Amino acid sequence: MNILVTGANGGYGSRALDYLQQFIPEANLYGLVRSENKGAALKEKGINIRIGDYADLDSMKKALQGIDRLLFVSSPIPNIQKNVIDAAKEAGVQYIAYTSIYQPEYDKFGLEINHKQTEQWIKDSGIPYTILRNSWYMEVNQALFDYAKQTNKFEYFATKGKLSFALRREYAEAGARVIVEKSNKEVINLANTPRSYEEIAQATKVAMNGELDIKSVSKDVFTPDLVLAGISKMWIGVSENYQQYTLNEGNGEKLADNSEFEQVLGHPLTKLSEAVKEFL
């Protein structure tokens, strides 16, 4: 069996390939990268590489030749993902698992537009598929964890609302398991128990053995405090966006649960405080 994972040198794709090597060592595993140089580390791990770019239909046609199953890792760039699906259809790919977004009927920073369009293209292709509706990566809270590690303080301004977070490696494991099993489900919701920022703060305190000063502050205080501590401005911006999104509440996140996610994994999701430790 020939299995290809796109975005193979990214955080999700590379982990998915690691899991596939464990779960189905007899398979021929391929990783899609944009150049030979970007595939060097994969080759060292025994992964075959294919060169391709979503924006280049001809390159995708070549990359998908002979592939039986495709773990299609999404791109936020509009329109180009149709090339992947068209190439998969022409190449005779027998099954696609696509990393979409949880509850695309709600606002997801506009990401839901691209995902809904891609889901429809996959459905229209006639190729058997599973849509993996992934919730948020825990990494979006990186600034908070970096600040806690550096100052023994946890500041946040999202004093209401909840979001669903899980570790990137858990989503990658789920994707790998779905590809191996060739799930007969058309949609699988991969979400976790929704958490408030106060709950994340308390879990961080546990992860730091109880040594953490937790404080809810205004956004006007939050940002300068983290900047002063030298936290990455990019990660501060990410945290601001997700906290404001949480405050807005009309995002469907409070409806999330972890039942399908844990069923796919075959084991519980990582406990919140243990997940936080991975960032400390």
Side-chain angles (χ1 to χ4, degrees), residues 1-101 114-134 171-188:
M1 186 196 316
N2 297 327
I3 299 174
L4 184 137
V5 178
T6 69
N9 55 359
Y12 179 103
S14 61
R15 287 176 174 89
L17 282 163
D18 288 343
Y19 282 115
L20 285 168
Q21 284 186 307
Q22 296 175 40
F23 299 158
I24 191 165
E26 70 276 14
N28 300 313
L29 300 178
Y30 294 81
L32 183 78
V33 291
R34 291 189 178 183
S35 69
E36 289 282 346
N37 287 341
K38 290 183 180 293
L42 295 172
K43 280 186 173 181
E44 289 179 7
K45 295 196 295 185
I47 304 295
N48 304 293
I49 67 167
R50 293 280 177 91
I51 310 300
D53 186 325
Y54 291 3
D56 183 344
L57 177 58
D58 287 339
S59 76
M60 291 307 305
K61 287 179 179 180
K62 292 175 184 176
L64 289 170
Q65 285 300 314
I67 297 301
D68 300 307
R69 299 182 188 181
L70 172 64
L71 180 51
F72 179 5
V73 182
S74 57
S75 164
I77 301 171
N79 301 318
I80 61 172
Q81 298 196 131
K82 190 173 189 297
N83 288 335
V84 181
I85 300 153
D86 289 346
K89 186 173 182 178
E90 184 170 312
V93 171
Q94 298 166 19
Y95 177 70
I96 295 175
Y98 170 68
T99 63
S100 188
I101 200 163
N114 186 35
H115 284 297
K116 285 192 288 189
Q117 186 178 50
T118 304
E119 287 187 16
Q120 190 59 52
W121 286 331
I122 292 172
K123 293 171 186 176
D124 292 344
S125 75
I127 301 171
Y129 66 88
T130 298
I131 305 297
L132 303 171
R133 288 190 174 159
N134 295 349
Y171 292 109
E173 180 184 349
R177 289 188 182 278
V178 167
I179 276 288
V180 169
E181 294 166 7
K182 195 178 178 183
S183 174
N184 58 10
K185 289 187 175 182
E186 293 186 349
V187 175
I188 297 176

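Worth saying up front: this structure is predicted, and the values here are computed from it rather than measured.
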Show me the side-chain donor-acceptor pairs of residues 28-35 shorter than 3.5 Å, one per line, residues at least two apart or across chains.
residue	atom	partner	partner atom	Å
N28	ND2	N2	OD1	2.8
S35	OG	K38	N	3.2

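Remark: D58 pairs with no residue by the side-chain hydrogen bond (donor to acceptor under 3.5 Å, both in side chains) rule, at least two apart or across chains.
In the model, D18 has no side-chain atom that pairs as donor or acceptor with a side-chain atom of Q22 under 3.5 Å. Between the side chains of Q81 and Y54, not a single donor N or O lies within less than 3.5 Å of an accepting N or O.
Judged by distance alone, with hydrogens and angles left aside, the side-chain atoms of T6 form a donor-acceptor pair with the main-chain N or O of V73 at under 3.5 Å. Of the possible donor and acceptor atoms, one in the side chain of N114 sits under 3.5 Å from a partner among the backbone N and O of S75. No side-chain donor-acceptor contact under 3.5 Å links R69 to the backbone of I3. Formation of a donor-acceptor pair under 3.5 Å by the T99 side chain with backbone atoms of S74 is found in this model. S14 contributes no side-chain N or O that, together with a main-chain N or O of A8, makes up a donor-acceptor pair within less than 3.5 Å. In terms of modelled atom types and a separation under 3.5 Å, the side chain of Q21 and the main chain of K45 share a donor-acceptor contact.
Inter-residue side-chain proximity for V187 and T130 is flagged as unmet; no heavy-atom pair is nearer than 4.5 Å. Looking only at side-chain heavy atoms (C-beta outward), I179 and Y95 come within less than 4.5 Å of each other. At least one side-chain heavy atom of E36 sits less than 4.5 Å from a side-chain heavy atom of I49. Counting only heavy atoms from C-beta outward, the side chains of Q94 and I127 never approach each other to under 4.5 Å. For the pair T118 and F72, the minimum side-chain heavy-atom distance is below 4.5 Å. Residues L64 and L70 meet the side-chain proximity criterion, which asks for heavy atoms closer than 4.5 Å.
A cation-pi contact, defined as under 6.0 Å to the ring centre and within 45° of the axis, is absent between R177 and Y19.
For the atom pair CG of L20 and CZ of R15, the computed distance is 14.0 Å after rounding to the nearest 0.5 Å. Here K116 contributes atom NZ and I131 contributes atom CD1; the two are 13.5 Å apart, rounded to the nearest 0.5 Å. Atom NZ of residue K82 and atom CD1 of residue I80 lie 13.5 Å apart, to the nearest 0.5 angstrom. Atom CZ in R50 sits 12.0 Å away from atom OG in S59 (nearest 0.5 Å). Between H115 atom NE2 and N134 atom CG the span is 8.5 Å, to the nearest 0.5 Å. Remark: I96 CD1 to K89 NZ distance equals 10.5 Å, nearest 0.5 Å.
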With side-chain contact (heavy atoms from CB on, under 4.5 Å) as the test, would you mind laying out the steps for K185 and V178 before giving the verdict?
CA-CA 9 Å; K185 289 187 175 182; V178 167; over 6 Å; no
Which is it for E173 and F23 under the side-chain contact (heavy atoms from CB on, under 4.5 Å) test, yes or no, and what are the steps along the way?
CA-CA 10 Å; E173 180 184 349; F23 299 158; 4.0 Å; yes
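The pair D86-K61 fails the salt-bridge criterion, with no side-chain N (NZ, NE, NH1 or NH2) lying under 4.0 Å from an Asp/Glu carboxylate O. Ionic pairing of K123 and E186 is not present here: no N-O contact between side-chain nitrogen and carboxylate oxygen is shorter than 4.0 angstrom.
Residues A16 and V5 approach most closely at CB-CG1, 4.4 Å, considering heavy atoms. Nearest heavy-atom pair across L71 and A176 is CD2-N, 4.4 Å. The two atoms that bring I24 and M1 nearest to each other are CD1-CE, 3.9 Å, heavy atoms only.
For K62, the NZ atom is loosely surrounded, since the number of other residues' heavy atoms within 6.0 Å does not exceed 12.
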